[in-house]
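Count residues from 1 along the sequence. Quick note: numbers below take in every heavy atom, side chains included, and nothing from hydrogens, waters or symmetry partners.
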Amino acid sequence: MTGSEESPSFRLAYVPGVTPAKWVRIWNERLPGTPLVLTQVPAAEADALMRAGEADAGFVRLPVDRDFFSAIPLYTEDTVVVVPKDHVITAAEEVTLADLADEVLFHPLDDVFDWDAPPGEPGFERPATTPDALELVAANVGLLIVPQSLARLYHRKDLTYRTIVDAPQSQIALAWPEEATTDRVDDFIGIVRGRTVNSTRGRATPPEPKQQKKKPAPGAAAKQRGGKPTGRPVRGRSGGRPGKPRRKS
């Protein structure tokens, strides 16, 4: 995609749990003439949205198809188990997967973890979404494992959570189609990486090379004065003491 084909706006997708407000604010300060359009999308659909050209870049959960997307890993989240506030697990500050072995654990269809073998006892159903699973946790019929950002996003007064020290973790990254790395994508990469407004990447006008002064050719100064180069210093002719005459033999 060339610069002339770029959208008049920058379209940014983000998955639940990501808070892009800081980067959006910096974008609006630096590029006020290019609106930034935000689209929240389920984690499983972010890939398809960018492949369809409906988003220029996105904050996604890894992994992504690295043959199609470029990605910059940003941070890794803690994993927590969400429980009712009166659950026995709340007595501990942290838990392990072994502590959950006998608990009913729900695995919603939008679960962001790629479990080889889901821990705990399976629930009586697989809820369609994480919020649906949290309703079941609030009903005291099971527990739910999620990244910490999702526990905060879907916070309820009757639920709390504890960190699981040995669970898989979810990593957040900025991703975009590699073949569609436009100037606007580059601008946003710079913001996410913390570049200053004067720190451009590959689009700055290079400074003109300094003109080197040519050294005068030997004898050039003498020619400009109308004389001829002799190759020997001239003594006693330019305001100095006259040379001493030779004695005749």
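- For the side chain to side chain contact (heavy atoms under 4.5 Å, CB included) with R162, the lone residue among L100, V82, I89 that qualifies is I89.
- A continuous path of Ile, Leu, Val, Met, Phe, Trp and Tyr side chains, each step under 4.5 Å between heavy atoms, connects Y75 with V24, placing both in one hydrophobic cluster.
- Note on I191 and L38: same hydrophobic cluster, where clusters join Ile, Leu, Val, Met, Phe, Trp and Tyr whose side-chain heavy atoms are under 4.5 Å apart, directly or indirectly.
- For the atom pair CG of L143 and CG of L159, the computed distance is 10.0 Å after rounding to the nearest 0.5 Å.
- What you find for M50 and G58 is that their closest heavy atoms are SD-N, 3.5 Å.
- Using a 4.5 Å cut-off between side-chain heavy atoms of Ile, Leu, Val, Met, Phe, Trp and Tyr, with links allowed through other members, V185 and W23 fall into the same hydrophobic cluster.
- In this structure, the separation between CG on L36 and CG on D187 is 11.0 Å, given to the nearest 0.5 Å.
- Scanning both residues, P119 and H107, for their nearest heavy atoms gives O-NE2, 3.6 Å.
- Between the CG atom of L174 and the CD1 atom of I72 there is a distance of 5.5 Å, given to the nearest 0.5 Å.
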Practice item. Begin from the C-alpha positions of W27 and V192 and carry the test side chain to side chain contact (heavy atoms under 4.5 Å, CB included) through to its verdict. Key: CA-CA 10 Å; W27 176 278; V192 170; over 6 Å; no
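- Ring pair W176/F188: centre-to-centre distance not below 6.0 Å.
- The CG atom of D111 lies 8.5 Å from the CD1 atom of I145; values are rounded to the nearest 0.5 Å.
- A side-chain donor-acceptor contact under 3.5 Å links R126 to the backbone of P108.
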Review point. Can V81 and D99 be said to form a side chain to side chain contact (heavy atoms under 4.5 Å, CB included), step by step?
Key: CA-CA 11 Å; V81 57; D99 295 328; over 6 Å; no
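- Here the closest heavy-atom approach between residue P16 and residue L150 is recorded as O-CD2, 3.4 Å.
- Listed here is the closest heavy atom pair of P35 and P8: CD-O, 3.6 Å.
- V15 and V60 get closest at one heavy-atom pair: CG1-CA, 4.0 Å.
- For E29, the CD atom sits in a packed shell: over 12 heavy atoms of surrounding residues, nucleotides or ligands are nearer than 6.0 Å.
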Exercise for review: Check step by step if side chain to side chain contact (heavy atoms under 4.5 Å, CB included) holds for F106 and D132.
Suggested key: CA-CA 10 Å; F106 291 107; D132 292 338; over 6 Å; no
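- At distances below 3.5 Å, not a single donor-acceptor pair connects side-chain atoms of D186 with backbone N or O atoms of T181.
- Atom OH of residue Y161 and atom NE2 of residue H155 lie 9.0 Å apart, to the nearest 0.5 angstrom.
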Check your understanding: Which is it for T76 and Q169 under the side chain to side chain donor-acceptor pair (under 3.5 Å) test, yes or no, and what are the steps along the way?
Key -> CA-CA 7 Å; T76 301; Q169 293 179 310; 5.5 Å; no
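- Under the side chain to side chain donor-acceptor pair (under 3.5 Å) criterion, N28 pairs with no residue, sequence neighbours left out.
- Looking at every heavy atom in both residues, V104 comes nearest to V141 through CG1-O, 3.7 Å.
- No continuous path of hydrophobic side-chain contacts links V112 to V41 [ILVMFWY only; heavy atoms under 4.5 Å].
- Without hydrogens or angle criteria, T163 side chain to E94 main chain gives no donor-acceptor distance under 3.5 Å.
- Separation of atoms OG (S170) and CG (D78) is listed at 11.0 Å; rounding is to 0.5 Å.
- Side-chain contact check for P147 versus F113: some heavy-atom pair is nearer than 4.5 Å.
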Review point. Under the side chain to side chain contact (heavy atoms under 4.5 Å, CB included) criterion, do D56 and L12 qualify, and how do the steps go?
Key: CA-CA 6 Å; D56 301 301; L12 180 67; over 6 Å; no
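- Side-chain atoms of T130 and D110 form a donor-acceptor pair, as typed in the model, at a separation below 3.5 Å.
- Using modelled atom types, one side-chain atom of E77 and one backbone atom of S149 make a donor-acceptor pair closer than 3.5 Å.
- Side-chain atoms of R11 come within 3.5 Å of backbone N or O of G53 as a donor-acceptor pair.
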